[in-house]
Protein chains: 2
Amino acid sequence: MSSSEAGQAAVQPKKLRPARTNATKQKLFEASMELIGERGAAGVTVDEIAAAAGVSKGTVYYNFGSKSDLIAQLLRHGVDILEARLLSVQDESADALAGMDAMIGQAMDFMAEYPSFARLWVSENWRTPSEWQDTFAELRARLLGVIGSAIERVAAEYPVDASISRGSLETAIFGACFVVGLDRQTYNPERTRDQSVAAIMAIMRGYVQKQPDPQG
Amino acid sequence: MSSSEAGQAAVQPKKLRPARTNATKQKLFEASMELIGERGAAGVTVDEIAAAAGVSKGTVYYNFGSKSDLIAQLLRHGVDILEARLLSVQDESADALAGMDAMIGQAMDFMAEYPSFARLWVSENWRTPSEWQDTFAELRARLLGVIGSAIERVAAEYPVDASISRGSLETAIFGACFVVGLDRQTYNPERTRDQSVAAIMAIMRGYVQKQPDPQG
DNA sequence: CTATTTGAACTGACCGGTCAGTTTAGTTAG
DNA sequence: CTAACTAAACTGACCGGTCAGTTCAAATAG
């Protein structure tokens, strides 16, 4: 299964022709993201995905090596988008905490826009022998890297509680973003984006040392 | 997984017979928790569950109405255990923040002991039209209630940031517990329990007001 | 002209749920 | 003490149905 050509970072046309193909892939991404987010990877059939994308089953196997391959590429696709958004605000803010705030805001927006991707992620991420184990490990590292450097920046500009493990902190923020975003979607649609960001930012304000801060 | 269910109000034999049945149910809980946590509810067959429990398929349907029913009862079973543990330390600590710390510690212990339950939870919790929608809503409310009252206690004993929505805070802590616990299991087994608790507790320290503390 | 898509057919495996029959353990009668 | 009885507990083969994956000749469009 899976020719798994790997190279993902680039989204530009690899050949000269794939005008139709790219559009079809995009439709298949959207359709499968939706369906798999709702019912889980194992709960969705390839026929359903094809139908939802308005495409035949054969086309799915023309564009992807297998159902498994489709899902792996889907995960990469989503992370590409999320990572790009996080990076887009990373350095725009003068203040490190404000930057963190903006980044969490971007994460919340992403969760609101692609809730199905978030569901897919939390559904499959921690499965122990999983077909996408390596894919998840790599993608997770990428996202955690972005968060990690933002935390690093905070640690550089503020006095922080050194007794708190950087890695655990990254994970806690990362996880809180997903869960708070999903919970808002599923159980508490009335909660605002800013409320959610504020709740998650509490963890950062707890991380920076409480010292007589001359902030106005 | 110690039998030690102890979970419920009434565990005594309702009739005179069900000695075997209760033991069988317990075995089925353990087996299905493991398998479903690893491969997802839809990815596990009833035959597999029966085999793993050392029981025939028919026995599964003798003890449970359906695969779906088995999973619903499994979710209840796990939440009963978790809730009991959280409540067990709720009022033991004199200080509200120390109580919160103990509660998060209990949560981390639970995640370490029943990682498969945690995986099952995050896998199925946010599915939108799900067979266990109502079950999840109820169980989620129970757990959030425990956390909420612990937060309330903190708010009573400490000055807190009133601009932070109580509900979002509950969710953030709840989610962080699951994600940090699972991540430790899957990707960072070297992280200690206390590191994880400390990272999550940062959110509480960010919640209590940094007020012009007349110190130093 | 050729990359892409179609749609249908086919297969080999699997799955949830059922049910008629068997075993186990508690109870009663002799 | 034990043989007969009974209902709960359990078994596993079986059924109707579904699914992922493959293939391919024909149609379509850049």
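Lettering follows sequence order; numbering is per chain, from 1. FYI, side chains are in, hydrogens and waters are out, and symmetry mates aren't considered; it's all heavy atoms of this structure.
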Using a cut-off of 4.0 Å between protein heavy atoms and nucleotide atoms, how would you tag nucleotides 6-19 of chain C 5' to 3' with B, S and -?
BB-------SBBB-
Does [X] pair with [Y] as a salt bridge, N-O distance under 4.0 Å?
X        : Y        : answer
B:Glu30  : B:Lys27  : no
B:Glu131 : B:Lys67  : no
A:Arg119 : A:Glu124 : no
A:Asp109 : A:Arg193 : yes

Is it true that the side chains of B:Ser168 and B:Thr171 contain a donor and an acceptor less than 3.5 Å apart?
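Side chains of B:Ser168 and B:Thr171: no pair found under 3.5 Å.
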Would you say B:Asn22 places a side-chain N or O within less than 4.0 Å of OP1 or OP2 belonging to D:dA9?
no
Between [atom2] of [N] and [atom1] of [X], the distance in whole Å:
X       : N      : atom1 : atom2 : answer
A:Gln26 : C:dT5  : CD    : P     : 14 Å
B:Lys25 : D:dA9  : NZ    : C1'   : 13 Å
A:Phe64 : C:dT4  : CZ    : C1'   : 14 Å
A:Leu70 : D:dA20 : CG    : P     : 12 Å

For B:Ser116 and B:Gly37, indicate whether the former's side chain and the latter's backbone hold a donor-acceptor pair under 3.5 Å.
no
Mind listing the closest non-hydrogen atom pair of A:Gln195 and A:Arg191 along with its distance?
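Scanning both residues completely, I find the closest heavy atoms to be OE1-CA, 3.4 Å.
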Minimum heavy-atom distance A:Ala172-B:Val180, with the two atoms named:
CA-CG2, 3.6 Å
Note the angle between the end axes of the helix from C:dC1-D:dG30 to C:dG30-D:dC1, five pairs defining each, rounded to 10 degrees.
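Rounded to the nearest 10 degrees, the bend comes out at 20°.
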